[in-house]
Amino acid sequence: MKRTKNISLLALIAVFSIATLAIAGSQPKYPIKGRHKGGDVTPKQAYRMLQKDPKNTFLVDVRTRYEYQDVGHPVGAYNIPWLFSTTRATKRGYAKVLNKNFCRDLKARFNPETDTLLLLCRSAQRTVAASTAAVDCGFREDRVFNVLAGFEGDKVKDRNSPYYGKRRIAGWRLEGLPWTYRMDPKYMYLPDLQKK
């Protein structure tokens with residue numbers, strides 16, 4: 001009797017898991033979030049590009065310093081924030097302001113003529129504008145890429161899913177690519193390290 005209950009419970013869990021995956025699978029995995037200069041790559045394509053040419057290909061995490069540290073980041077990703085969090089509270093959380101030195105910060109680390117930049121944020125929303133900004137400040141358009149789905153991926157939109165509103169669609173971390181919480185000064189936001 002107990003064995004039958006266990007088998008029934010396992011079967012129910014399996015059906016629920018498959019149904020959840022099917023629901024999540026109906027949502028686009030890598031939606032384009034806006035027009036921008038440069039190209040688009042999936043997280044796995046970006047990872048392969050990094051492996052193929054590590055001397056001239058760089059992953060740039062444009063999230064805030066807080067996100068980079070406390071949510072985690074891809075191993076070897078340089079943090080150059082597109083936006084900074086402020087201390088001003090709003091209905092949606094803390095207000096953010098544009099990093100006016102984004103172009104200068106990119107050029108302080110990378111060579112616009114030879115380097116390929118793979119720009120990553122939480123879900124590939126901020127990198128739409130950041131990719132265009134990188135091209136506008138001199139990086140070659142054929143060497144600037146927006147990493148689709150970003151680090152955390154997209155939220156499940158199906159209201160019937162137990163994961164509704166959770167970031168469970170694609171993304172660097174969900175796809176099992178290398179990531180860490182470790183803060184390495186080599187990759188941290190450079191102006192912060194220069195201030196003493």
Side-chain angles (χ1 to χ4, degrees), residues 28-69 71-85 96-154 167 169-180 184-194:
K29 202 171 182 184
Y30 302 111
I32 305 293
K33 306 240 173 115
R35 296 177 67 186
H36 61 87
K37 295 179 182 176
D40 292 303
V41 292
T42 67
K44 288 183 180 174
Q45 289 170 329
Y47 184 70
R48 285 193 294 273
M49 290 171 72
L50 290 164
Q51 299 300 303
K52 185 176 179 182
D53 185 13
K55 290 186 179 181
N56 294 307
T57 305
F58 301 94
L59 188 57
V60 182
D61 190 325
V62 304
R63 294 176 301 155
T64 65
R65 293 172 286 201
Y66 165 79
E67 290 171 289
Y68 183 83
Q69 177 174 319
V71 178
H73 51 272
V75 172
Y78 291 83
N79 183 221
I80 300 178
W82 172 246
L83 300 171
F84 294 116
S85 292
K96 293 187 175 52
V97 294
L98 186 65
N99 176 0
K100 294 177 184 174
N101 296 316
F102 184 73
C103 180
R104 186 190 72 197
D105 292 341
L106 285 177
K107 287 181 174 180
R109 292 251 189 193
F110 311 110
N111 183 332
E113 295 299 317
T114 60
D115 291 342
T116 297
L117 303 182
L118 306 167
L119 303 179
L120 173 135
C121 64
R122 180 180 61 202
S123 64
Q125 186 74 46
R126 283 171 273 185
T127 48
V128 169
S131 295
T132 295
V135 172
D136 288 348
C137 80
F139 287 86
R140 291 178 37 185
E141 190 165 357
D142 64 336
R143 290 181 176 260
V144 174
F145 296 90
N146 170 29
V147 180
L148 297 171
F151 182 67
E152 293 184 66
D154 283 322
R167 294 193 180 278
I169 307 293
W172 187 279
R173 184 170 59 185
L174 288 170
E175 293 184 22
L177 297 170
W179 67 280
T180 185
D184 183 336
K186 177 180 176 184
Y187 302 110
M188 291 169 66
Y189 184 51
L190 193 59
D192 291 344
L193 302 175
Q194 294 172 340

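Remember, it's a predicted structure, so these values are computed and weren't measured experimentally.
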- salt_bridge(Asp142, Arg140) N-O dist < 4.0 Å: yes
- Task: Give a yes or no on whether a salt bridge exists between Arg173 and Glu152, defined as a side-chain N under 4.0 angstrom from a carboxylate O.
- Result: yes
- Task: Would you please classify the geometry between the Tyr68 ring and the His73 ring as parallel, tilted or perpendicular, with 30° and 60° separating the classes?
- Result: parallel
Taking the side chain as every heavy atom from C-beta outward, state whether [X] and [Y] have any atom pair closer than 4.5 Å.
{"X": "Ile80", "Y": "Phe110", "result": "yes"}
{"X": "Asp154", "Y": "Lys33", "result": "yes"}
{"X": "Asp115", "Y": "Arg143", "result": "no"}
{"X": "Arg126", "Y": "Thr64", "result": "yes"}
{"X": "Trp82", "Y": "Asn99", "result": "no"}
{"X": "Leu190", "Y": "Tyr78", "result": "no"}
{"X": "Leu59", "Y": "Leu120", "result": "yes"}

Let me confirm one number: the [atom1]-[atom2] distance from [X] to [Y], rounded to the nearest 0.5 Å.
{"X": "Arg122", "Y": "Arg63", "atom1": "CZ", "atom2": "CZ", "answer": "9.5 Å"}
{"X": "Asp61", "Y": "Leu118", "atom1": "CG", "atom2": "CG", "answer": "12.0 Å"}
{"X": "Cys103", "Y": "Phe139", "atom1": "SG", "atom2": "CZ", "answer": "7.0 Å"}
{"X": "Phe145", "Y": "Met49", "atom1": "CZ", "atom2": "CE", "answer": "4.0 Å"}

- When you measure from the side chain of Trp172 to the backbone N and O of Ala149, does any donor-acceptor pair fall under 3.5 Å? no
- Message: Strictly distance-based, threshold 3.5 Å: is any side-chain N or O of Asn79 a donor or acceptor partner for the main-chain N or O of Met188?
- Response: no
Could you tell me which non-hydrogen atom of [X] sits nearest to which non-hydrogen atom of [Y], and how far apart they are?
{"X": "Pro43", "Y": "Gly150", "result": "CG-O, 4.4 Å"}
{"X": "Ile169", "Y": "Pro28", "result": "CG2-O, 3.8 Å"}
{"X": "Leu106", "Y": "Cys137", "result": "CD1-SG, 4.5 Å"}
{"X": "Val60", "Y": "Leu117", "result": "CG2-CD2, 4.2 Å"}
{"X": "Val71", "Y": "Phe151", "result": "O-CE2, 3.8 Å"}
{"X": "Leu148", "Y": "Pro31", "result": "CD2-O, 4.0 Å"}

- Quick check: are there more than 12 heavy atoms from other residues, nucleotides or ligands sitting under 6.0 Å from OH of Tyr47? no
- Sorted by chain and residue number, the side-chain contact (heavy atoms from CB on, under 4.5 Å) partners of Thr132 (sequence neighbours excluded) come out as His36, Lys37, Asp136
- Task: Using the side chain to side chain contact (heavy atoms under 4.5 Å, CB included) rule, take Asp40 and Asn146 through it: C-alpha gap first, then chi angles, then the decisive distance, then the call.
- Result: CA-CA 5 Å; Asp40 292 303; Asn146 170 29; 3.1 Å; yes
